[in-house]
Each structure stands twice: as structure tokens, then as C-alpha cells.
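By convention in this document, chain letters (A, B, ...) are assigned in the order of the sequence lines, proteins followed by strands, and residues within each chain are numbered from 1.
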2 protein chains.
Amino acid sequence: MARKSLVGVVADELLDRIIAGDFPPGSSVPGELELSARHEVSRMTVREAMKTLEAQRILSVERGRGTFVNPLNRWASLEAVLRAASEGQNEAVASVQLIELRRMLETGACELAAARISDADIQKLFGNVAQMRAAHEINDVAAFVAADLAFHDLILRASENVFVAVLFEPLHRVLEKRRAETSAVPTIQEHAIGHHLNIVEALESRNPGRSREAMDAHMQQTLDDLKNLVLQAP
Amino acid sequence: MARKSLVGVVADELLDRIIAGDFPPGSSVPGELELSARHEVSRMTVREAMKTLEAQRILSVERGRGTFVNPLNRWASLEAVLRAASEGQNEAVASVQLIELRRMLETGACELAAARISDADIQKLFGNVAQMRAAHEINDVAAFVAADLAFHDLILRASENVFVAVLFEPLHRVLEKRRAETSAVPTIQEHAIGHHLNIVEALESRNPGRSREAMDAHMQQTLDDLKNLVLQAP
DNA sequence: GCAAGTAGACTTGTCAGACATCTGGCGACG
DNA sequence: CGTCGCCAGATGTCTGACAAGTCTACTTGC
């Protein structure tokens, strides 16, 4: 699956060297010819790799002068920033900050959704909670996670804000595997079911503030779970 | 200034055709050869344009099969989504949704900053408000906007969350010009000064909830200003 | 007759070499 | 001393070719 093409490999290696500090922000990166020699590929392959990094605003290419590394806060790729921020002992910090970000987006989306969600979607949410409960009783972790994801996804869409969904999508991918870890603990499943039920009921009341707080409590629980589980693993 | 290179032009034109609906999500885009003929450039130029769109997850390239358009919610580029969402009569809707998004990020960042901001940074924020007041009195719109931007930027950084800054950066660019418009009205300047002062004082009290609400009120005002100004322009 | 295998057309991936164009600095010339 | 022009080095683009993956349709063997 996804055997990476050469340009993907070159782009990854180059990004690794940037993150490792070989080329600090503001400095220039070696010329295309030099890179093509170092990685033993043609100049064109190097150019395409550069293009992908430039599209993510990691590099700035200036004709006739060279190619330069942008400061980290101009990077447009959450994944690349995550890789950079997770260097060394910082992975735990990065995880917490990701949850913080998720909390902002999900509580905000939930608040908006309260005024816009349809009755049909609310019934679907009740259905998702029922699925989570059923999955919990027969210990089906995969089904539990699937229902959980569908629940949050529906709220995102009910917010009717396209940009929230766009910004949330990369977060979704990054957090997916850790969600599966925390959701494997039965006690946490029970907590989650309770929180989700609170959220649907708040949405049903069409009260934005209450809906936001319900989602906020859920996010707080998720953050606590992360701290108690992932951050103490060997 | 910034005369676009050929690959930039081709990428733009291709994105325009995608947004115009020539190639719906899931469908394939014409082959590299066909595109190179249509745009009268070499195949390599087309390839580099495709690479930039692929890096933004607008296209998915599959070797031997073709190149396909991703659904809009997988796009990783806020700007591209904005262009797509602003088609037709939807520009007003897109503007409102952008403010909604900004509200989520800024209120969240402000809440985090309350617990993390340094005394020195709080003094800087007071200084920014003073600059805004001075600029207001001598009717210097540019200086007012500059102090305003610096104020919000400092809070973003004080939240100590790298990812918030990353997601906010494209928003910053997009909203910059509209901010200049609304900030030109003296009455709105006065409102903004009051809101900013409330925000600093809330941060000074180190109360996260109060800080969030102060920023929220400011965002609400901004949204109202947008509705009353931009949405009724000729 | 049917199924497995294969040849071909079409697609993207990579390579090589060449020339065009832009930038910046160095040196010659006025 | 200042200005102009040349030149080295960087990216931008073109041409043509071959490699390799995918799908279709036909051929072939049973």
C-alpha cells in the first residue's frame, strides 16, 4: 500500500533534515543540482518534491536566488508542524495541544449546531449513542469507535460551517489512532456514553450555551483520559 | 511584483475549472498530455501544477489510472475552499462562516492565554490599547489596524499552542483587508477599544472563563459590524 | 464454451540534457 | 567615485524518451 514515489521520499527526507535543524528558518536550502546529486535522483524529481513543500508553505522558492525555509508559524500543514513539534521529549506536549485545538473547534461547532441542527439529525445522534451503548455491552471496540466518530462528524456537519470541517479533517486523521486506544477502556466508554447523551439532549433543547458546555465537558474528559493513559505509558 | 510563474497560472486555471464544476469531486481530470495541449505548456509544467494541487489535497493522483478531484471537505487549503465557497451569491455566507471560525480560535486561545500569559505581555497588551486610542484620536487608520493586529497576535502566541497559530495564519491573511474596512469607522474604533480593554483586564485577572467571554463579546461585535457594513455595501 | 493469460493502449513516474530568465556581485569604463 | 555591463549561479521551462502501473479486450489453451 502506498509505496511512496521517489518525489515523496525526497520530500520526506528533506523535511526531516529541515526539522532536524540542518536548515534553520530563513536560511537557504541546497540548490536543486546539489540535492539531486545527494539523493541520487534527477533534478526534476527534486523540483517536484520542492513544489510539494512549497505548496505547504514550508519552503519559499525565489527565482534566481534560491529556496528558503519559512518560519514554523507560516507552515500550512498541520502534519508537518506536528512532526516538528513532536521532536524529542515534546510529543506529550504536542498531544495535549492537539486536544486543546480539537476542543476549540468541537465546542464551537456544537454551539453553532444547536441553532441549526435538524430534528432528523438529532434522532441520528440518539441512534449513535444507542450504537455506542450496544457496542459497549458486547465489548466491540471497533463498533464503539465507529459510532463515536460518526457522532462527532454529524455535529461538525450540522454546524453548517465548511471551514470548520476543513480545519478539523487533518486533526481527525492525527487523533484517530489515539482515540482507539483510549476508547478501549470500559470505564472510559461508560463516561463517554454519558457525555454524548448530555450533548444530544443539550442540542435537542436548542440551547447554544448549554450545548457548548456539554461538549466542553466531554473534551475535558478526553483530555484527562489522555493524560492518565498515554502520558504514563512506558 | 509577484508575476506568477507558468505553473502558478496553470494551477489557478485548473482550480478555477474545478470550482466551476467542470470536474466534479470523484471524477477524473484530463490527462497531463491533454492539459499541456490546452494550456499550451509542456507536460512538465502541468505536472508541477498538479503537484501543488495534490499537496493541498485538492487532487489525488493515481499512477496508471489518472488524476481525480477530491471532495471539498478533504481539501487542506483554506484559501481554495474559500474560493469554492464564495462562488455565486455565497460570498456573504462565506464571510460570516470565516468570522465564526475566527471566533472559535480566538476565544479558545484567549482562554488558554489567561493561565499562561506573562506579566510583561500583559503590559504590552495595555500598550497596544493605548496605541489604538492614540491612533483613534488622530484618525490614523493604518496605525489603529497595526496595533489591533499586534494585540491579537500577542494573545495567540501567549496561548503557547503552536497549532492554533498555524490554523489561524491563513485566516489572518484572508480577513486582513476586511478588517481594514470595518476599522475605518470611528464609532467602531471606539467599540473596539472598549472591548480590547476588557480583554486585557480579564487576562490580568488570570480568569480563563472571564477572558473567553471578553474575547467572545469582541468577536460578536466584529460579526455585527460585518453584517451591518460589508453585507449592505453596493 | 469458458476461463486464464496476455498483448496493447493509456496513464502517471522518472530521467537526461538543453536553453531561457532572473539575481547579485564583481570589475571595467567613463 | 559612480554607473553600466558582464558573468556565475540559481530557478523556470521545454523537448523527447523510456519505465512502470492499470484497465480492456482479445487470444489461447483446456
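For the side-chain hydrogen bond (donor to acceptor under 3.5 Å, both in side chains) condition, no pair includes a residue of residues 17-31 of chain A, sequence neighbours left out.
With sequence neighbours excluded, the residues satisfying side chain to side chain contact (heavy atoms under 4.5 Å, CB included) with B:Glu87 are B:Ile19. For the side chain to side chain contact (heavy atoms under 4.5 Å, CB included) test, residues two or more places apart in sequence or in another chain that qualify with A:Ala80 are A:Leu15, A:Ile58, A:Trp75, A:Ser77. Applying the ring pair (Phe, Tyr, Trp, His ring centres under 6.0 Å) rule to B:His136 yields no partners; only residues at least two apart in sequence or on another chain are considered. Contacts of B:Glu100 classified as side chain to side chain contact (heavy atoms under 4.5 Å, CB included), with partners at least two apart in sequence or in another chain: A:Leu112, A:Arg116, A:Asn161, B:Val96, B:Gln97. Contacts of A:Arg157 classified as side chain to side chain contact (heavy atoms under 4.5 Å, CB included), with partners at least two apart in sequence or in another chain: A:Asp153, A:Leu154. A search for ring pair (Phe, Tyr, Trp, His ring centres under 6.0 Å) contacts involving A:Phe151 returns A:His196, not counting sequence neighbours. With sequence neighbours excluded, the residues satisfying side-chain hydrogen bond (donor to acceptor under 3.5 Å, both in side chains) with A:Arg83 are A:Asp12, A:Asp16.
Nucleic acid contact class of B:Glu62 (heavy atoms, under 4.0 Å, all strands): sugar-phosphate only.
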Could you pull out all donor-acceptor pairs under 3.5 Å where a side-chain atom in residues 138-146 of chain B meets a protein atom, sequence neighbours excluded?
| residue | atom | partner | partner atom | Å |
| --- | --- | --- | --- | --- |
| B:Asp140 | OD1 | B:Ala142 | N | 3.3 |
| B:Asp140 | OD1 | B:Ala143 | N | 3.1 |

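A:Pro170 approaches A:Glu79 most closely through the heavy-atom pair CB-OE1, 4.5 Å.
Less than 4.0 Å separates DNA chain C from at least one heavy atom of each of the following residues of residues 26-42 of chain B: B:Gly31, B:Glu32.
Between A:Phe68 and A:Pro25, every side-chain heavy-atom pair lies at or beyond the 4.5 Å cut-off.
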I'd like a table of atom pairs between the protein and nucleotides 23-26 of chain D - only N or O on both sides, under 3.5 Å - with the distance next to each one.
| residue | atom | partner | partner atom | Å |
| --- | --- | --- | --- | --- |
| D:dC23 | OP1 | B:Arg65 | NH1 | 2.8 |

Can you check nucleotides 16-18 of chain D for protein contacts, nitrogen or oxygen pairs under 3.5 Å, and list what you find?
| residue | atom | partner | partner atom | Å |
| --- | --- | --- | --- | --- |
| D:dA17 | N6 | B:Arg43 | NH1 | 3.3 |

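Atom pair B:Glu48:CD and C:dT12:P shows a separation of 16 Å (rounding to whole Å applied). Nucleotide C:dT12 holds its C1' atom 11 Å from the CZ atom of B:Phe68, rounded to whole Å. When rounded to the nearest whole Å, the span between CG of A:Leu6 and P of D:dA19 equals 16 Å. Nucleotide D:dG12 holds its P atom 12 Å from the CG atom of A:Leu59, rounded to whole Å. Whole-Å rounding puts the A:Arg63 CZ to D:dT11 P distance at 11 Å.
Of the candidates C:dT12, D:dG12, C:dC15, C:dT12 carries the atom nearest the B:Thr67 side chain, counting heavy atoms from C-beta on.
Listed pair B:Ser5 / D:dT11 fails the phosphate criterion, with no side-chain N or O lying under 4.0 Å from OP1 or OP2.
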